[in-house]
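No experiment lies behind these values; they were computed from the predicted model shown.
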Amino acid sequence: MADDPFAIAAGRRKRFWRTAFSVCGHQQGDFVARSSAQHSAALSSRLQTMSTRGTRLVAGVVAVLALSGCGALDHGILNAQGPVAQHERDLLLTVSGILLFVWVPVVILVPLIAWHYRRTNSAHAYRPKWDFSWPLEALIWIPPAGIVILLAFMLWPATHKDDPYTRLAGRGAPVHVQAIAMDWKWVFIYPDEGIATVNQLAVPTGRPVHMDLTSGTVMQSLLLPQLAGQIYAMAGMRTRLNFAADRPGQFLGENVQFNGDKFAHQKFTINSMAPGAYAAWLARAHKGDRMLDGAAWARLSRKDTTGPQIFSAVPRGFFERVVAATGGAAHPHPNAKHQPATRKAN
């Protein structure tokens, strides 16, 4: 056995690899030591930079929150100016408060559990065969199930109340407006008054507004954040929206469905006027000499932005012809003969 050539060769291979690993181990140890020192210095520098940037970021966020009352929040649903938007805002805040019962425990427990079960924690019991706990199962399932049931009872009646097709009651006769979405502008027709406007919507304060919507081009989405939320407008179809403004003022309206290069500029102003001011505005609109005829419509159909305009005359049935021309039927939908639902006055 001592002269076995296979054994001699195997012994030589073992000594060779043992020597090689020993040399590599010393070299790797020196490299790791140097790399660790360099990494520690780089990490320290990086943490210091991140700390400075984090301080600046926190200061910036605090400044933005302090100034938020002067900017974007004034034009959103949190500053609701109508009964529909007010109910939607209250519902949003209520639901957000309920969901905090899910969010807060998760945010607190996740880091606590990660810290408790860290690798270096050897002071607590290790139970590799643990697999079930009734208290833990109850904590995981019962509160979320209760929250879902509570939200269902809240949101079911709220969904019907905030249905954009539901008319507002107890506020007088509604103002009928027909909205046509174009590229990149909005055309509003007042069929009962025989006038039309472009990129401006005038409504009387306190009275409900019943709006029919369609699109003369691609699908678009009308958003009135302070008054009524959002509703789509589609070519060849008619959708509806009901809202009201509780005080005089100017509010934002815009398209929030991307439809081309100048999508961001497709905004307009909603002028909520006292009854006397609204009547005076109608009188001035009737005194104009511009008609929404074929030539005017051809100009409005061009893909471009435009400023506010007023047309003192509109052909009867103009909105229905636009619906028909874009693929819809000129006659109303069969369900339109049924009396629409009415929203109770707040």
Side-chain angles (χ1 to χ4, degrees), residues 65 68-103 147-172 174-179 181 186 188 201-215 219-234 237-258 266-273 340-346:
L65 292 177
S68 60
C70 307
L73 293 182
D74 291 342
H75 303 289
I77 190 174
L78 295 181
N79 188 23
Q81 299 298 326
V84 178
Q86 287 174 2
H87 184 259
E88 292 176 349
R89 176 200 60 194
D90 296 342
L91 184 64
L92 172 65
L93 295 177
T94 301
V95 172
S96 299
I98 293 174
L99 292 180
L100 286 177
F101 288 95
V102 176
W103 183 80
I147 290 175
V148 170
I149 295 173
L150 176 60
L151 291 178
F153 276 98
M154 290 180 54
L155 296 179
W156 176 259
T159 300
H160 290 278
K161 184 175 182 179
D162 292 332
D163 185 347
Y165 281 54
T166 302
R167 299 197 178 192
L168 302 177
R171 288 176 169 262
V175 176
H176 188 197
V177 178
Q178 297 169 330
W186 289 93
F188 300 103
L201 177 63
V203 298
T205 302
R207 283 180 60 185
V209 178
H210 175 70
M211 179 180 289
D212 293 317
L213 299 98
T214 192
S215 175
M219 181 174 70
Q220 302 186 35
S221 180
L222 177 67
L223 174 65
L224 313 178
Q226 292 183 264
L227 297 177
Q230 175 265 345
I231 188 77
Y232 282 99
M234 293 162 280
M237 300 182 66
R238 179 198 305 254
T239 53
R240 294 186 176 124
L241 181 65
N242 290 273
F243 65 94
D246 284 339
R247 68 171 183 84
Q250 292 187 337
F251 311 113
L252 173 68
E254 60 182 331
N255 169 38
V256 291
Q257 176 73 35
F258 180 77
Q266 193 174 346
K267 306 177 187 293
F268 63 92
T269 300
I270 306 167
N271 292 308
S272 175
M273 309 176 181
T342 302
R343 178 190 179 113
K344 294 182 180 180
N346 291 338

Quick one: does D162's side chain get under 4.5 Å of H87's, heavy atoms only? yes
D163 vs R240, salt bridge (charged side-chain N to carboxylate O under 4.0 Å, His left out): CA-CA, chis, key distance, verdict: CA-CA 10 Å; D163 185 347; R240 294 186 176 124; over 6 Å; no
Backbone N/O of D246 and side chain of S272: donor-acceptor pair under 3.5 Å: no
Is the backbone of P164 close enough, under 3.5 Å, to the side chain of N242 for a donor and an acceptor to pair up by distance? yes
If you measure from CG on L227 to CD on Q86, what distance do you get to the nearest 0.5 Å? 10.0 Å
Closest heavy-atom pair, L168 versus F243, reported as atoms and distance to 0.1 Å, is CD1-C, 3.5 Å
Starting at CG of L201, measure out to OG1 of T269 and round the result to the nearest 0.5 Å. 10.0 Å
Provide the closest heavy-atom pair for E254 versus W186 in the form atom of the first, atom of the second, distance. C-NE1, 4.2 Å
So L213 and L241, do their side chains get closer than 4.5 Å, heavy atoms only? yes
Sequence neighbours excluded, the answer for side chain to side chain contact (heavy atoms under 4.5 Å, CB included) partners of V102 is I147
Without hydrogens or angle criteria, can the side chains of Q266 and Q220 be said to hold a donor-acceptor pair below 3.5 Å? yes
Side-chain contact, heavy-atom cut-off 4.5 Å: L151 with V95? yes
Under a 4.5 Å cut-off applied to non-hydrogen side-chain atoms, are T166 and K161 in contact? no
Compare all side-chain heavy atoms of H176 with those of D212 and state whether any distance is below 4.5 angstrom. yes
Any side-chain heavy atom of E88 sitting closer than 4.5 Å to one from V84? yes
Closest heavy-atom pair, A202 versus M273, reported as atoms and distance to 0.1 Å, is CB-CE, 3.9 Å
Describe, in one word, how the ring planes of H160 and W156 are oriented to each other, choosing from parallel (under 30°), tilted (30 to 60°) and perpendicular (over 60°). perpendicular
N271 and Q250: side chain donor to acceptor below 3.5 Å: yes
Could you check whether any side-chain heavy atom of L224 comes within less than 4.5 Å of a side-chain heavy atom of F268, counting everything from C-beta outward? yes
Please give me the minimum heavy-atom distance between L91 and M154, naming the atom from each residue. CD1-CE, 4.1 Å
Write down the atom of A244, the atom of P83, and the distance for their closest heavy-atom approach. O-CD, 3.5 Å
Pairwise distance CZ(R89) to CG(L78) - rounded to 0.5 angstrom: 7.5 Å
Quick one: do I231 and M211 satisfy side chain to side chain contact (heavy atoms under 4.5 Å, CB included)? Show the steps, please. CA-CA 11 Å; I231 188 77; M211 179 180 289; over 6 Å; no
Side chains of S221 and Q230 only: does a donor on one sit below 3.5 Å from an acceptor on the other? yes
Start with the C-alpha distance between M219 and Q257, add both sets of side-chain angles, then the distance that settles side chain to side chain contact (heavy atoms under 4.5 Å, CB included), and finish with yes or no. CA-CA 7 Å; M219 181 174 70; Q257 176 73 35; 4.2 Å; yes
The test is side chain to side chain contact (heavy atoms under 4.5 Å, CB included); show your working for V175 and V203 and say whether it passes. CA-CA 8 Å; V175 176; V203 298; 5.7 Å; no
Please confirm whether the backbone N or O of Y232 pairs with a side-chain atom of T239, one donor and one acceptor, at under 3.5 Å? yes
Residue pair A228 / A85: nearest heavy atoms and the distance that separates them: N-CB, 4.1 Å
Does any non-hydrogen side-chain atom of N255 lie less than 4.5 Å from one of L223? no
